[in-house]
There are 2 protein chains.
Amino acid sequence: MTLQQEIKVAVDAVVFGYESKGNLSVLLIKRGVEPYKNTWALPGGLVLENEALETAVKRELKEETGVTIDYLEQLYTFGKPKRDPRNRVISVSYFGLVRPNHFKIKADTDADEAQWFPVNDLPKLAFDHNTIFQTAEKRLKSKLLYQPIGFDLLSKEFPFSDLEHLYTTILGQDIDRRNFRKKIMSFGFVEATDKIQQVGSGRPAKLFKFNKQKYDALLDDGFYFDIKFV
Amino acid sequence: MTLQQEIKVAVDAVVFGYESKGNLSVLLIKRGVEPYKNTWALPGGLVLENEALETAVKRELKEETGVTIDYLEQLYTFGKPKRDPRNRVISVSYFGLVRPNHFKIKADTDADEAQWFPVNDLPKLAFDHNTIFQTAEKRLKSKLLYQPIGFDLLSKEFPFSDLEHLYTTILGQDIDRRNFRKKIMSFGFVEATDKIQQVGSGRPAKLFKFNKQKYDALLDDGFYFDIKFV
DNA sequence: TTATTTTGTGTACTATGAACACAAATGTAG
DNA sequence: CTACATTTGTGTTCATAGTACACAAAATAA
């Protein structure tokens, strides 16, 4: 009943990065081998014989881009028979976020092969990677509304406006700053520090930080984030 | 850099069924071959050479249990190197729901190998299938609160109390019947029929049905189900 | 005929969401 | 150095949605 399989297993990662003021980007690499040689693609590759899936993603990311990941979760597994023109390859895709300070692409060996692209201006990608990207983008938007993953795209300490801009950028809609701030602060896991930051013109901003311990404690109580009102 | 792979790809399904009055069950099969011969396991098996993943699940379900699925979505991909004691096998798991009238297990060939088990009284399962089950149960609970998947566990026409009991059973908490009914009806995609059903003692109940078209139309407007208050 | 079981319904109170504008602190341009 | 532009920071009112709560109606069972 069970034919001998010749299916290969790959992992691919959709990694988002955010630079202040509305720059949401995705990390891509330019393929050096056929098929799709010289085409942009998501970082990723084949899983090794005795390697866990998540280990494989992290390894590939490090090898291909040098970027350090701050948040990583499994996204979806794509397995259509013809998604790779040559062999049958199923791809377990991952969804990742990086902080601005982990944003820089490594300067050595194949540095010019990896690059950040703004999400609104992506090239045509290899394989079904555009589909994978869209799935990730959808996940990012919906997850932002009920889990505090946005903080993994910001520095450890950030002005409140960074958080606002992150939300408006990703969701593509304006928010009321007073209501947003009131709501976020009501959760109790975002705390003001005593630092103040001045950037360009305008009143200097207090810096805030995300308190993961408090968040985890709330989670145990069946807490639900829920800022879908934004 | 890329060693020759010897990884096999399987699919497994966690299929939930619901019989009236608080009986939530999962579909299991008894394995006929090593490893884990004679141990209960989730239905599933290896993906064929040119077969889509979802096709594979449906095929395995049909072959092993004869049950017709009403709702199916991908759950998670499990890929720890030692999850199968013999070969490296990654499992793409699926999450399924069946209506009561599709509940019966086929009577032919290996019928006695498939069986419904109440979720609160599962045996120890083969491989990491207990983990897979737990992941599915969690998904069922959380999904019930923001997507109307509960209807895929009921008959096409059902008394309102069936819906209530479904929610109390799966979530494991009581609900206020008046508020629940008010909320569900406010969404507009549950409609009363003109049929009335009498079961045992008590006042006979109007039958209701789920209107998928109306639901889909709402979805396009960015509608969010949200009955997490239950 | 009485008790038991299940369905069906409305109102008052509370909490949360939504809408809204102006002063404070700094840099920048004339 | 003064006026203007830019960004941060903050409260109140109104509308909507959630929550708590009890009893009558229609049937069967004893």
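Small disclaimer: the values here were computed from a predicted structure and weren't measured. Each chain gets a letter, A, B and so on, in the order the sequences are listed, and its residues count up from 1.
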Is a salt bridge present between [X] and [Y], judged by a nitrogen-to-oxygen distance below 4.0 Å?
X: B:R181; Y: B:E164; result: no
X: A:R31; Y: A:E113; result: no
X: A:E137; Y: A:K141; result: no

Using whole Å, what does the distance between atom [atom2] of nucleotide [N] and atom [atom1] of [X] come to?
X: B:K183; N: D:dA17; atom1: NZ; atom2: P; result: 9 Å
X: A:M185; N: D:dG9; atom1: CE; atom2: P; result: 10 Å
X: A:D176; N: D:dT8; atom1: CG; atom2: C1'; result: 14 Å
X: A:D174; N: C:dA19; atom1: CG; atom2: P; result: 12 Å
X: A:K195; N: D:dT8; atom1: NZ; atom2: P; result: 19 Å
X: B:F180; N: D:dG18; atom1: CZ; atom2: C1'; result: 15 Å
X: A:I175; N: C:dG17; atom1: CD1; atom2: P; result: 14 Å
X: A:I196; N: D:dG9; atom1: CD1; atom2: P; result: 8 Å

Would you say [X] places a side-chain N or O within less than 4.0 Å of OP1 or OP2 belonging to [N]?
X: A:R203; N: D:dT6; value: no
X: A:R178; N: C:dA19; value: no
X: B:K206; N: C:dG8; value: no

Ignoring hydrogens and angles, tell me if any N or O in the side chain of B:Q213 forms a donor-acceptor pair with the backbone of B:Y215 under 3.5 Å.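 It does not hold such a pair.
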From C-beta outward on B:S201, which listed nucleotide comes closest to its side chain: C:dA18, D:dT19, C:dT5?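 Looking only at side-chain atoms, B:S201 lies closest to C:dT5.
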Taking the nucleotide of DNA chain C with the nearest heavy atom to each, does A:Q198 or B:P159 sit closer to the 5' end?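 Result: B:P159.
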Between B:D174 and B:T168, is any side-chain donor less than 3.5 angstrom from a side-chain acceptor?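 On atom types as modelled, these side chains do not qualify, holding no pair under 3.5 Å.
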Taking donor-acceptor contacts at under 3.5 Å, does the side chain of B:K182 reach the base of C:dT11?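 Counting by modelled atom types and ignoring angles, a donor-acceptor contact under 3.5 Å is found here.
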Pair of N/O donor and acceptor under 3.5 Å linking D:dG9 base with A:R177 side chain: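 It does, because a donor-acceptor pair links the side chain of A:R177 to the base of D:dG9 below 3.5 Å.
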At 4.0 Å (heavy atoms only), tell me whether B:S161 reaches a base, stays on the sugar-phosphate, or touches nothing.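 Sugar-phosphate, backbone atoms only, no base.
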